[in-house]
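Computation of the quantities below employed the complete heavy-atom set of this structure, encompassing side-chain atoms and omitting hydrogens, waters and symmetry-equivalent molecules. Each chain gets a letter, A, B and so on, in the order its sequence line appears, and its residues count up from 1. Here the structure is a predicted model, which is why all the values come from computation and not from measurement.
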2 protein chains.
Amino acid sequence: MNQIRILLVDDHPVVRAGLRAMLSDFEGISVAAEAADGDAALRELKRLQTLGDPVDVVLMDLQMGAGMDGVTATAQIRLLEAAPPVLILTTYDTDADILAAVEAGASGYMLKDAPPEQIRQAVLAAAAGQTALAPKIAALLMNRIANPAPALTPREIQLLELLATGLSNRAIAKKTFISEATVKTHLVHIYGKLGVDNRTAAISEATQRRIIRAPGQ
Amino acid sequence: MNQIRILLVDDHPVVRAGLRAMLSDFEGISVAAEAADGDAALRELKRLQTLGDPVDVVLMDLQMGAGMDGVTATAQIRLLEAAPPVLILTTYDTDADILAAVEAGASGYMLKDAPPEQIRQAVLAAAAGQTALAPKIAALLMNRIANPAPALTPREIQLLELLATGLSNRAIAKKTFISEATVKTHLVHIYGKLGVDNRTAAISEATQRRIIRAPGQ
DNA sequence: CTCCGGGTCAACCATTTGGTTGATCCGGCG
DNA sequence: CGCCGGATCAACCAAATGGTTGACCCGGAG
C-alpha cells in the first residue's frame with residue numbers, strides 16, 4: 001500500500017513537531033507539508049496538487065490565533081476539486097465546535113489528548129474515506145441527538161452579543177431601537193433555551209457553547 | 001558544556017512528542033523524562049534525584065486535565081531540595097495565570113505558539129538560573145506597568161472568576177464562605193477599579209484586560 | 001504605637017433585572 | 001383562509017443587584 005500523505009495545519013510549532021514525530025513513527029504515513037493557518041493550508045494544497053503530489057488527509061486544528069480558523073478552512077478545502085478528507089484534531093470539545101466542523105465537511109474529529117494509536121487509526125480511517133470520531137466526541141454527539149438543544153433565533157443571538165459587552169437592558173434597547181420590555185422578553189426566551197436564569201450565566205453558557213465569541217475576542 | 005537535562009510535563013502526548021522532537025534537535029539539550037501531570041512530575045524528579053541523575057530544567061504546562069495543575073506542581077517542585085528551575089510553557093496568557101505561576105516560583109513563562117528558537121533560548125536561560133519571558137508576556141507586563149491598572153487584590157480576582165461563571169451574589173457568598181454583604185463590597189471595589197458599573201461589564205472588561213480567562217476557557 | 005489597607009459584615013434604599021400574563025403585528029405554511 | 005412562531009410592547013410584582021455609610025479585625029509599614 002502507498003504512503004498516506006498528510007498536510008498538518010496548526011499554528012503551534014510545538015504541536016506540529018509533535019504530530020510530525022508521532023506520525024513518522026507509523027508505517028505507511030508520512031507528513032507531506034505543514035501550514036500555520038487556513039490560508040497557508042489552502043496554498044499548500046493547491047501547490048502540491050499542481051505538482052501532481054496531492055495529499056491524502058488534512059490534519060487540522062480548529063483554533064488558530066491569527067489567520068483563517070479551522071472551520072472556515074475546512075469548508076474552503078472541501079470546495080476544492082479532488083478535496084482530501086479533513087480530520088479535525090483539537091483541544092476543544094464543545095458541541096458547537098464539533099457541529100460546525102462536521103457541517104463544514106470534516107470527516108473526523110479527534111482530541112489532542114488522544115493516545116497516538118487512536119490518532120493513527122483516525123488517520124487511516126480518514127484516508128479510507130471513513131469517518132473517525134474520538135470516543136468522547138461520539139458520546140457527546142449521541143447526547144446532543146438525545147436532547148436537542150433549542151435553537152436561538154438570530155435576534156436572540158444579537159441581543160446575547162450585546163449582553164456580553166456588559167450593556168444594561170436599557171442600553172440594549174436604545175442600541176437596537178426596541179423597548180426595554182422587548183429586551184426583557186428576549187432575555188427570558190434566551191434564559192429558557194440556555195437553561196440558565198440570569199444574564200451572567202447566559203454569557204458564560206453561550207460562550208462555552210460557542211454561540212457567541214468570548215468578550216473581547 | 002554538559003547536556004541540559006529536561007523534564008517535560010504536559011498531559012498531551014502530542015505536545016510532549018513535539019517538545020521532545022524539537023528539543024532533541026538542539027545541541028546541548030536532552031529530554032531526561034516526561035510526565036503527564038504534576039504528581040507524576042514530582043515522582044520523576046525524586047526518582048532521578050535518587051539515581052544521581054537530576055534534571056536541570058522542568059518544562060511545565062499549566063493546564064492539565066486530570067491530576068495536579070501546573071501552578072501547584074511548580075510550587076511543590078520549588079519546595080524540593082536542589083529544586084530545578086521551572087519554565088512554564090502554556091497556551092494562556094492572562095494576568096492571573098502569569099502572576100500565579102511567577103508567585104509559585106516559575107523562572108520563566110513561554111507561550112506554545114513561540115518559535116522553536118525562542119523556546120531554546122528560554123531553556124538555556126532557565127538552566128543558567130536566569131529569567132525568561134516570552135516577548136508577548138514581557139510586552140504584557142510592560143504595558144501593565146505603563147498604564148497602571150488599578151491592582152485588583154487576589155480576593156477580588158477570585159470573586160471576578162466566580163462572577164464570570166454566572167453565579168449570583170448569594171451563590172458566590174456560599175462558595176467562598178463569606179456573607180452576601182461582603183460579596184457586594186468586593187464587587188463595588190471591582191467595579192470602581194475596572195471603571196464599570198455592573199457585573200456583566202466587569203466580566204467583559206476583565207476578560208479583555210486578560211485579568212481572567214474568557215468564560216469556558 | 002499608630003496608621004493604613006485588605007477583608008469582613010450590617011443596614012438601608014434606589015435601580016435593575018427576572019418572571020408572568022396578555023396583547024398586537026407580520027410572514028410563511030398547510 | 002386559519003394557524004403558528006418570531007418580534008414587538010405594556011403592566012405588574014418579586015427578587016437581585018448597585019451604591020452608600022459605617023463599623024470591626026488584623027497584619028504590616030513607618
Notebook entry, point to check: Who passes side-chain contact (heavy atoms from CB on, under 4.5 Å) against B:Ser179, sequence neighbours left out?
Noted result: B:Ala181, B:Thr182
Next item on the list: Output all residues satisfying side-chain contact (heavy atoms from CB on, under 4.5 Å) with B:Ala75, sequence neighbours left out; order by chain, then residue number.
Entry: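 B:Ala104.
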Margin query: Test: salt bridge (Lys or Arg N to Asp or Glu O under 4.0 Å). Region: residues 163-176 of chain B. Which pairs qualify, not counting sequence neighbours?
Written below: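 Output for this query lists B:Arg170-B:Glu180.
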Notebook entry, point to check: What pairs meet the salt bridge (Lys or Arg N to Asp or Glu O under 4.0 Å) rule with one or both residues in residues 121-130 of chain B, with sequence neighbours excluded?
Noted result: none
Check: For residues A:Ser204 and A:Gln208, is any side-chain donor paired with an opposing acceptor at under 3.5 Å?
Finding: yes
Next item on the list: Would you tell me whether B:Glu161 and B:Thr165 have side-chain atoms, one donor and one acceptor, within less than 3.5 Å of each other?
Entry: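 There is no such pair between these side chains.
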Which residues pass the salt bridge (charged side-chain N to carboxylate O under 4.0 Å, His left out) test with [X], sequence neighbours left out?
X: A:Arg199; value: none
X: B:Glu34; value: B:Arg16, B:Arg20
X: A:Asp56; value: none
X: A:Arg43; value: none

Notebook entry, point to check: Which atoms form the tightest heavy-atom contact between B:Ile203 and B:Leu163, and what is the distance?
Noted result: CD1-O, 3.6 Å
Check: Which nucleotide span of DNA chain C, 5' end to 3' end, has atoms closer than 4.0 Å to non-hydrogen atoms of chain A?
Finding: C:dT16 to C:dT20
Taking only N/O atoms, report every protein-nucleotides 23-30 of chain D pair under 3.5 Å with atom names and distance.
none

Margin query: Here's a test of your reading of the structure: between B:Asn198 and B:Thr176, which maps to the more 5' nucleotide of DNA chain C?
Written below: B:Thr176
Can you tell me the distance, in whole Å, between the [atom1] atom of [X] and the [atom2] atom of [N]?
X: A:Asn169; N: D:dC9; atom1: CG; atom2: C1'; result: 14 Å
X: A:Leu167; N: D:dG18; atom1: CG; atom2: P; result: 14 Å
X: A:Arg199; N: D:dA15; atom1: CZ; atom2: C1'; result: 14 Å
X: B:Arg170; N: D:dA16; atom1: CZ; atom2: P; result: 5 Å

Check: Which ones in residues 178-191 of chain A lie close to DNA chain D, meaning a heavy atom under 4.0 Å from one of its atoms?
Finding: A:Ile178, A:Ser179, A:Ala181, A:Thr182, A:Lys184, A:Thr185, A:His186
Note to self: Using five pairs at each end of the helix from C:dC1-D:dG30 to C:dG30-D:dC1 to define an axis, what is the angle between those two axes, to 10°?
What the structure shows: 40°
Check: For A:Gly166, does its backbone N or O pair with a side-chain atom of B:Asn198 as donor and acceptor, under 3.5 Å?
Finding: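 A pair under 3.5 Å: yes.
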Note to self: Name the residue from B:Asp61, B:Val9, B:Leu62, B:Val58 that meets the side-chain contact (heavy atoms from CB on, under 4.5 Å) definition with B:Ile88.
What the structure shows: B:Leu62
